[in-house]
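The structure under discussion appears below in the form of C-alpha cells.
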There are 2 protein chains.
Amino acid sequence: MRTSQFPLSTVKEIPADAEIASHKLMIRAGLIRKLAAGVYTWLPLGLRVLRKVEHIVRTEMNKAGSLEVLMPALQPAELWQETGRWEKYGPELARLKDRHDREFCLGPTHEEIITDLARHELKSYKQLPITYYQIQSKFRDEIRPRFGVMRSREFIMKDAYSFHLDQESLQATYDVMYQTYTNIFNRFGLKFRAVIADSGSIGGAVSHEFHVLAESGEDAIAFSTASDYAANVEKAEALMPEGSRAAATQTKTLVDTPNQHSIEDVSSFFKVSAQQCLKTLIVRGEDDTLVALLLRGDHELNPIKAEKIDGVLSPLQFASDEEILGACNCKPGSIGPIDLSIKIVADRSVTLMSDFICGANQDGKHYQGVNWQRDLALPEHIADLRMVVEGDPSPDGNGQITIARGIEVGHIFQLGTKYSEAMNAAIVNEAGKNQIMVMGCYGIGISRVVAAAIEQGHDERGIIWPNELAPFQVAICPMNMHKSDRLIDTVEKIYKDLTDAGIEVLLDDRKVRAGFMFSDMELIGIPHRIVIGDRGLDSGTVEYQGRMDKESQNVEFDNLVKFIKDKLA
Amino acid sequence: MRTSQFPLSTVKEIPADAEIASHKLMIRAGLIRKLAAGVYTWLPLGLRVLRKVEHIVRTEMNKAGSLEVLMPALQPAELWQETGRWEKYGPELARLKDRHDREFCLGPTHEEIITDLARHELKSYKQLPITYYQIQSKFRDEIRPRFGVMRSREFIMKDAYSFHLDQESLQATYDVMYQTYTNIFNRFGLKFRAVIADSGSIGGAVSHEFHVLAESGEDAIAFSTASDYAANVEKAEALMPEGSRAAATQTKTLVDTPNQHSIEDVSSFFKVSAQQCLKTLIVRGEDDTLVALLLRGDHELNPIKAEKIDGVLSPLQFASDEEILGACNCKPGSIGPIDLSIKIVADRSVTLMSDFICGANQDGKHYQGVNWQRDLALPEHIADLRMVVEGDPSPDGNGQITIARGIEVGHIFQLGTKYSEAMNAAIVNEAGKNQIMVMGCYGIGISRVVAAAIEQGHDERGIIWPNELAPFQVAICPMNMHKSDRLIDTVEKIYKDLTDAGIEVLLDDRKVRAGFMFSDMELIGIPHRIVIGDRGLDSGTVEYQGRMDKESQNVEFDNLVKFIKDKLA
C-alpha cells in the first residue's frame, strides 16, 4: 500500500473525553472516530488491526475444532424470559420493540440464542461435545461509556459456547480452550496472564480471565514468580504464614495514647513497625450483630473475603461510630480484642503476632506487649481476610506473589447447567434417557484487544505494535523521492521485493518532509522503518530503524528482504 | 474437513413459512436457522458460503481502490434529522432509545454516517475522489419478512460510498464500480445482468441494478440479444416501430358486437388477431379531466410510463364506469377514439395500425376497417405507453429484447449532492472555496447473494453451487470405509492429496449407507463427488460425478488431483 492510496488520518488534537493512552492514540493515529458516546467507526487503518485480531482468533478457534456460526444481534425477549434474564439484566440491555410491538434486545451476549439453537439441533449424546463460536458485534448500553473502544456500547466479541454430556467432558474442552487462549494471546505478541477469576464450589477453578498486562490496567493481578499461578488480587488467597509465633518478651501495659487513632499514628507513637500493631475493624453481621475483624497493621482488608465469612453481611458494611461506641465503649481508633464481647474473626497472620499493640476499648488508650493465650485467648474464628501483597507465598505453593496490573480481554467459564436447565436443553444419553447438557462459554473482546495492545505498547511518540497486530509491518520513507527518478526506481523495487515476500509494507509517497513522515509512522506504530535517500543509492544501502531502536543501521539492498524477514520471525 | 468434525445439519422437514426454493433449501441443507420472523442464525455450512461471497466482494472492492471501514449499527437520530430521513423513513426503520432517552436507529443504510465521517475527514479537493466501503449487518423492520434471508430484518450488506469534486469524477468512479460489480458477479459464477434502473435527467443512466437471473425472480428484466443493454421491464423503452403504416384496404363499418368487451372477445368475434384491435383505456388526469390511452390490442399498458405523461395523475388511476359513461356515452368495452372529446394519447405502435377495429362509443357496437387520417386524425400526443415484449427492438439499437426474471442483489447509484448538501459536506476546492461534494453509493446484498445463487442453481435433489461459492468443492464418499483398513488408507491419502492441493474437501466419514451420503451431498450442493469403494482399490480408480452429470466416470488415483483442478478451473 501507498499513502496515496491508503491515506492516513492522523490528527494532532487529543479528544477532550479521552482519559487513557489507547483512547487518545486510537483517535490521533486515525484508527477510530467517534459517532456517538461509546459508538465508534473503525477507519481503514484501525480495521486492519481489528481484522488481524479476528484472524488470529478464528484460526486458533478452528484449530481447536470449534465451529463458526453467526447469530443475529436482534434477540427475541421470549428467550431471555425463559432464563429470567429479561427481568434481571439491568438497563445495560438495549431493548427495542418491532413494528408489531414485539420485544427484542440487542445481544450483549448469546447464551440464550445458542442454547435455543442447541436444544433444536442437538438430539443425541453422539453429537457431543460440540463448540460453536462467532465473531460479531455486541451491544451494551453502558451508563458511562468511556476509554474509547475499551468500554463502548457497540463492540466486537468472539463468543464461544460448548455443550457436553457431563462435567468431565466440559473440563476437557475447557482445558483445550485454556490452551487455545494461551496460543491466541501468544500469537498476538502481547504479555498476558491467565488469571483465576473464581473458585468453584466443587473442585478447582471454573473460570479464568485472560489479562493483557499494562500499567493502566483496571485490575490488579497477583501472580507467582515461579509458576503459572495468577489471580485477580481480590481472589488470591493469603496462606497461613509458615513458622510459629515468637515467645512473649514484654508485659501487657496500658498506655495513654491521646489522639493516636490510625495504625500510622500508633506505630509512630510507639516507634514500632505497623506489623507490631493490631488493626481491629467492626462490621455489621446478621441479626443486628456486630463482628470484629482483626488484621495485622500493615495488611489491608479484602472485603470480598470478609463478606464470605459466616454471619457477616454481604455486601460488607462498616459499623457506625454509634454502633462501635455501644459495643466497645469507645470510638474507632481505640478498639481492641481484649474483653470484647462481640464475635471476633482474625486473619491468619494475626495468629503469629506477639508482643503486639492494640486498642484498649477506652478512648485514648492502647495496650502494649500483648500476647495471645497469655493476655487473651486466640480467636475461635481464623480466616483469610486480607489482600495479598508482593512477597506473599504463592497460594499454589510455588514461588512468591508479584502484583501487576492487567486489562481483562478474555474470559473462559464453566457455565454448568444454568442455561440448559432453564431452557430444557437436553439430549438423549447412551441409556436412552433425556439428559440436560452441561455448558461452557469462552469470550474474547476483539475490539478491546486492540486498545489493550496499545495500553501495553506505546510511548510518548505513539503506538508500538507487536509485529503480529501491526496494520503494516514495514514503513518505507523515501527522502525527496519526487525529485529523483533514480530514487523512484530503487524505492519501487524495494517496495515490490518486500511485498512479493509477503511483507505488509506502507510506502509513504507523500510529498512531505522526512520528520513529518517519521512522526506519522511512529504515531501509527509501524514496527520497522526503512529510509532511502539519494546518498543510500551510492552505497547501495537503506537506513533501517526498529520502532524501539535508539539508532538506525545501514542494510544493503540485497540483504534487505532477509533482514526484515528475520526481524519478523 | 470431515463430517465427524463438521457435522451436517440437513433436515427432511420443509418449514411451513418457506415459499421459495432457496428458503426451503437453506433450511433443509442446514445453512440457516430461524430465530424470529426475518431473523436467522447462519450455521457453519451456510457461513462458509457467506464468507466466500464476502471474500470475493472484499477482494474486488480493494482492487478497485476502495477503503474498507466499519461503521456502527447504532446510528444517532440527530444525523437522520439533518437529512430529514428521521421523519420520512417509515416503520421499516428500527428505532430505539438509550438509557438516557436519546434516540437511535439500527442502520438500514449508512449515507448519513458516512457523510458525517466525510465532512470531518475530508478537507481538501486533494483528498478526492475517495471510496469507502464496509461489510456489515443491516436492519430493516419489514412489515412481512419472508423468503428466508432474501427479505429478512437483519441481513448483511456491502455498502460503499464515494466522494467527488464534480460529476465527471463521480462518473469515472461509477464506471469503475460498474466494472467491479461485473467482475464480482462473474467471480460468483452466477448468470447476471446489469440493469438500467432509472434514467437521469442529465445525460445517461445514473443507477444500475445487478440482477441474478432466476425463474423465481421478483423482477422481469428486458435485455438485448446482441448488446449489454438490460433494463427493468418497467423502465425499458419501446421504440417507435420501423416501417410505415400499410395503406387502407377496408371501409369503416359500424358492427353490432353484443357482449363483446375485452380485446380477446372482440378479436375472436371478428376472427382477427389482437394486433388488429385498438385498446382504449380511460385514466384520470389533472383538474378532474380524463385522458384516453390508446394501445395496440396485444400490448400491455406500462403504468410507470403512463403516469409520466403530462396531465395524467400519478400514481395512475383508472376512471370509474360512471366517469367513462359521462365522457364516452358508453360502458368500458365499447370505447374508441372516434369523436371522443377528451385528450387522447396514443402509444407509438398505434400510429402504424391500419384497417383496425375499435369501440364505437355506443354500448355493444364497434367500428371495423378504421384508418388513421381517413376516418380520424392521428392523435396529437404520441408516447411510449406500453410494456416491452420479447422480440421488440432493443432500445440501444442493437438486437432484440428478450425477457428474463431476476433477483436484485446489487445496486449502484449516483447520489449527487442529496446528502452532502443536506449535511453540508464540503471541501476546499482548487480555487480555495468551499464546495459541496458529489456522492455515489454502491450496495451488494451479501446474504441475499447466497439465496439468489440457490434460486438460480437448484433441482429437485437440492442446491447446485457454482464452484466459487460452494461450501466445499469436493465431497469424498467412501463405501463402508470403517470395515476396511486398506480403504481407510487410500481414502486418507486422496483426502490429503486434494487438501494439500488447496482444494476444499468434505470427507463423509459417517457410518451411513451410500444413498444417505449421496442425498446429503446433493442436498447441500457440493459440485464434485468422489466415491471410493473396495472395488476401486483393485482398479486404482475412484468414481467421479459432477453435481449436474447424468453418469459417473472412473478416474485413476494418480490423475485425480489434476482432474479435479481442471474441473475447478
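Naming convention: chains lettered A, B, ... in sequence-line order (proteins, then strands); numbering from 1 in each chain. Quick caveat, the model's predicted, so the values are computed rather than measured.
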Residues B:Y419 and B:E111: side-chain donor-acceptor under 3.5 angstrom: no
Heavy-atom pair count under 4.5 Å with chain B, highest-scoring of A:L43, A:L117, A:I143, A:V39: A:I143
Which atom of B:M61 lies closest to which atom of B:A160, heavy atoms considered: CE-CB, 3.7 Å
Aromatic contact, B:F6 with B:F472 (centres under 6.0 Å): yes
Region of B:I32 in contact with chain A, defined by heavy-atom distances below 4.5 Å: neither
Donor-acceptor pair, side chain of A:R28 and main chain of A:T10, under 3.5 angstrom: no
A:Q134 and A:D159 side chains, donor-acceptor separation under 3.5 Å: yes
A:R33 versus chain B, the contacting section by heavy-atom distance below 4.5 Å: side chain
Winner by heavy-atom pair count (cut-off under 4.5 Å) against chain A, out of B:P76, B:S9, B:S137, B:P91: B:P91
Region of A:H100 that comes under 4.5 Å of a non-hydrogen atom in chain B: side chain
Any donor-acceptor pair under 3.5 Å from B:R48 side chain to B:P471 backbone: yes
Greatest number of heavy atom pairs closer than 4.5 Å to chain A - which of B:A73, B:G65, B:G30: B:A73
Closest-packed option against chain B by number of heavy-atom pairs under 4.5 Å, given A:R99, A:M71, A:Q75: A:R99
Part of B:A37 lying under 4.5 Å from any heavy atom of chain A: neither
Under 4.5 Å from a heavy atom of chain B, the part of A:D98 involved: both
Distance-only donor-acceptor check, side chains A:D509 and A:Y495, under 3.5 Å: no
Distance-only donor-acceptor check, side chains B:T180 and B:E60, under 3.5 Å: no
Largest heavy-atom contact set with chain B, pairs under 4.5 Å, which of A:L79, A:L96, A:L74, A:V11: A:L74
Pick from A:A36, A:P44, A:P72, A:G46 with the largest number of heavy-atom pairs that fall under 4.5 Å of chain B: A:P72
Between A:S162 and A:Y442: side-chain donor-acceptor atoms closer than 3.5 Å: yes
Cation-pi geometry met for A:R51 and A:W42 (6.0 Å, 45°): no
Under 4.5 Å from any heavy atom of chain B - which part of A:E92: both
Check: A:Q136 side chain, A:V69 main-chain N or O, donor-acceptor pair, under 3.5 Å: no
Contacting moiety of A:L45, where chain B heavy atoms sit under 4.5 Å: neither
Region of B:L47 that comes under 4.5 Å of a non-hydrogen atom in chain A: side chain
B:L106 portion near chain A, given a 4.5 angstrom heavy-atom threshold: side chain
Most chain B-contacting option - heavy-atom pairs closer than 4.5 Å, from A:E142, A:R95, A:E78, A:H120: A:E142
Residue A:Q5 versus chain B: region with a heavy atom under 4.5 Å: backbone
